Amino acid sequence: MIEIRRQKVARLRELGVNPYPYSFRRTMNTAGLLDGFDARIDGDPVAVAGRLMAIRPMGKAVFAHLQDEGGRIQLYFKKDEIGEAAFAILELLDLGDIVGVVGVPMRTRTGEATLSVRSFQLLCKTLRPLPSVKEKDGQTFDAWEDVEARYRRRYVDLILHPERRRVFEARARLITGLRRYLDERGFLEVETPVLQAIYGGAMARPFTTHHNALDMRLFLRIAEELPLKKLLVGGFERVYEIGRVFRNEGMDRNHNPEFTMLEFYWAYADYRDAMDLVEDMVRAAVTAAAGSNVVEYNGHAIDLGAPFARRSMVELIQEHTGVDVLTAPVDGLRALLIKGGVTVAKFAERGHMIEALFDLAVCPKLVQPTFVTDHPLAISPLAKGHRDRPTELAERFELFIDGREFGNSFSELNDPIDQRRRFEDQARLREAGDDEAQVLDEDFLEAIETGMPPAAGVGIGIDRLAMLASGAPSIRDVLLFPHMRPEEGRATSDESGDA
RNA sequence: GCGCCGCUAGCUCAAUUGGCAGAGCAACUGACUCUUAAUCAGUAGGUUGAAGGUUCGAUUCCUUCGCGGCGCACCA
C-alpha cells in the first residue's frame, strides 16, 4: 500500500506538483469559518488547511471532509469549477493527505455547511494510510480502539480522536494554574540537575546511566528535593520546580517510570502552612483544568470545594482497626499485617509497619481529599520530628484522594546533626536489605551544616492531578507518550551510542 | 516480578468437534457533477504475534518466548 502511495508521489511530481511545499496562507480555521457561517455564504472566498478525513468521489464531482485543529468542514470539488488539470491531481489524493483549499461557503441540498472549492494545493502527501473510521448520526463504525496502538502511535490517536486532545489541554491548564498560583505568591521557578552522582529526596529505586567523559555512573533523579533545599541555604526563600523525575519501579495505571513532579520549598513556614497552601492551590488548579471544583472520578464525585479533612495517621489507623500503633507490641503489628496478606520485610521497624497498616486498612477508604498527618519518624528521614512527639512522629502530611497519594510534605529537617543521624539510620536499613532506603549525601549535609532556614517543603504528582482533573482512569491517558516496551524486532539504541 | 485474558488482511471482526483462512471498510480498476458509513460492478490483499511439538492435517490442542490489557506486589 505504501508502494502505491510512492507511485502517486512520483506521478504528482511528473504533473509538476510539489507534494511537500513550504507553506500555505490560510485566512481562518474551520471553527472560525463555521462560526457565523450563513453570513459568509456566497461571499468572499476563504482559505483553510487541514487533513482529508473523508473522500466521496461522485464522478466529475468530489465531496470530502477537511479536519483541522478547530473541527471539520465539508469540501465540494466540481470539475467544471477547478478545471481538468486540478481534477486529475485531486484524483491522486488519499485519505489523510494534508491540503490547503480556497473556496466559497455554501450549503448543500441537505443543509451541510460546505466549502465550494475554487482551487486547492496539496501540502503533504501521506505514505501511510490511516485506519478507516466512519460515522453516521453520532454512531462510529470500525472505531480505532486498539489501546496498545493508541499509546504507541499517539499521533494517529489524536487524528482519529480529536476529543482526546481535551485531556492534554486540561493537563496544560493544570500546570499553568499551579505555576501561576506559585508565581503570584513570590515563588521562583528554578531548574536543578536531572543527572546526579548521588540520588535522594525520596524512597525509590533509581535509573542509572553512564557519563563517558567522566567515566562514572550517574543516576536519574528520583526527586527534586535536595538541590532545592540547597537553594534555601543559598538564600532563595521560595522556590519551586516542575520537572520530570524517574523511578525504576513497576508500571501500572498509576505509575509511569518517568513522571512529572512539582516540588516547592517555603522558608520560615511549617507543614501546617503548607497544608493551607496546598489545599488552596490544588483547588484552584484543578478547578481551572476541569472547569469545576467537583470532579467525577472513578465513580465518585470528588469535592475539592469543601475543606479537605485533616487527620493524623495514628488516629485514622486506630479508628479503622482499633489498634493504637504507637503502644501496641511490634510483634502484634507484624502478626496483624501478615494476617492481612502483607509480606513484612525482615528489616521492618515499627514505623514501616505503621505505614503498611495504614496502606492496608485506611488508605483505600480515603475517597474525598484528606490530609493524613504526622507519619512515623522512621519513614520520614528528611522531616523534622513532631513538636509534640519528636522521637516517634514527623511533621509531615500526605494528601490522599480516591485512595491514592497526591502529595507529600514536611516541616523540613534543618538540624544537621539530626539529619546525619537519620541518614545513618537509613544506611543501616540499606545494609539490612531495604534498597529504597536513602543514601547518605555528604554534599547535602554540608549544605545543611551551612544553615538552612526552617521551611516547609511539598511534592505533588502532576500526572495524578491531571488524571483527576480529566477523569482519566490510567496515567497513560494523561501522558502523550507513555512508556511502552519496544515492539519485537524493532531496533533500540545500543549501549555504545556515544555521540 | 506473579496470575488471568487477548494477539487472524491497513482498520473492525468471523472461521462448527482439529478439515481448502473469510466478510465489511480502506486500497486498486471502471461507472456516476449536491454526496455524506455515498452507491454500483470488478480486482488484489495473509508466514493467523514468533519458535517448537502432537497430528494425515493446527487459526483451533500442548510448550516456550514476545507484546498488550486487567488484577496483585512495589511505589507517586
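For clarity, every value in this text was computed on a predicted model and none was experimentally measured. Just the heavy atoms: all of them, side chains too, but no hydrogens, waters or symmetry mates, feed the values below. To find a chain, count down the sequence lines: A is the first, B the second, and so on, and within it residues start at 1.
Two residues, A:K136 and A:P129, neighbour RNA chain B, and the one matched to the more 5' nucleotide by heavy-atom proximity is A:P129.
As judged by a 4.0 angstrom heavy-atom cut-off over every strand, A:M484 is placed among residues touching the sugar-phosphate backbone only. When heavy atoms are screened at a 4.0 angstrom cut-off, A:N408 is found touching no nucleic acid atom at all. No engagement by A:R404 is indicated, since no non-hydrogen atom pair under 4.0 Å with the nucleic acid exists. Within 4.0 Å of A:R72, counting heavy atoms only, lies no atom of the nucleic acid at all. A:R485 comes within contact range of the sugar-phosphate backbone alone, with a heavy-atom separation under 4.0 Å but no base atom that close. Counting non-hydrogen atoms under 4.0 angstrom, A:A54 reaches nothing in the nucleic acid. Using a 4.0 Å heavy-atom cutoff across all strands shown, A:G461 reaches no nucleic acid atom at all. Among the atoms of the strands shown, none is found under 4.0 Å from any heavy atom of A:E81. When heavy atoms are screened at a 4.0 angstrom cut-off, A:N248 is found touching no nucleic acid atom at all.
Distances shown here put a side-chain N or O of A:K134 below 4.0 Å from the OP1 or OP2 atom of B:rA38. Considering only side-chain N and O atoms, A:R5 lies nowhere under 4.0 angstrom from the phosphate OP1 or OP2 of B:rG10. Not one side-chain nitrogen or oxygen of A:K60 sits closer than 4.0 Å to the OP1 or OP2 atom of B:rA31.
Closest to the A:S132 side chain, of the nucleotides B:rC34, B:rG68, B:rA26, is B:rA26. The nucleotide whose nearest atom lies closest to any side-chain atom of A:F141 is, among B:rU12, B:rC34, B:rA37, B:rA37. Checking B:rU33, B:rC28, B:rG71 against the side-chain heavy atoms of A:I4 singles out B:rC28 as nearest. With distances taken from any side-chain atom of A:D94 to the nucleotides B:rG71, B:rU35, B:rC28, the minimum falls on B:rC28. With distances taken from any side-chain atom of A:E148 to the nucleotides B:rG10, B:rG68, B:rA76, the minimum falls on B:rG68.
Residues A:Y240 and A:F264 keep their aromatic ring centres 6.0 Å or farther apart.
Donor-acceptor pairing under 3.5 Å is recorded for the side chains of A:T192 and A:E241.
In this structure, A:R6 places its CZ atom where only 12 or fewer heavy-atom neighbours from other residues, nucleotides or ligands lie under 6.0 Å away. Heavy-atom contacts from other residues, nucleotides or ligands closer than 6.0 Å to CD of A:E191 number 12 or fewer. Under a cut-off of 6.0 angstrom, the local environment of CG in A:D44 is sparse, with at most 12 non-hydrogen atoms contributed by other residues, nucleotides or ligands. Atom CZ of A:R128 has 12 or fewer heavy atoms from other residues, nucleotides or ligands within 6.0 Å.
Side-chain atoms of A:D252 and base atoms of B:rC74 include a donor and an acceptor less than 3.5 Å apart. Interface remark: the A:Q74 side chain does form a donor-acceptor pair with the B:rU35 base, using a distance-only criterion of under 3.5 Å.
Taking atom P in both B:rC11 and B:rG52, the straight-line distance is 25 Å, to the nearest Å. Separating the P atom of B:rG30 from that of B:rC62 is a span of 49 Å, rounded to the nearest Å. Look at the P atom in both B:rU39 and B:rG45: the space between them is 24 Å, to the nearest Å. Rounded to a whole angstrom, the distance from the P atom of B:rU48 to that of B:rC20 is 15 Å. Rounded to whole Å, the separation between the P atoms of B:rA9 and B:rA50 comes to 10 Å. Taking atom C1' in both B:rG18 and B:rC70, one finds a spacing of 31 Å when rounded to whole Å. Taking atom C1' on both B:rU55 and B:rG19, the two are 12 Å apart, rounded to the nearest angstrom. Here the separation of B:rU35 from B:rG46, taken at their P atoms, is 37 Å to the nearest Å.
Base pairing analysis places B:rG52 opposite B:rC62; the two distances defining the Watson-Crick or G-U wobble pair are each below 3.5 Å.
Salt bridge A:E258/A:R244: present, at least one basic N to carboxylate O contact under 4.0 Å.
Stacking is not found between A:F406 and the pyrimidine-like six-membered ring of the B:rA76 base under the 5.5 Å centre-distance and 30° plane-angle cut-offs.
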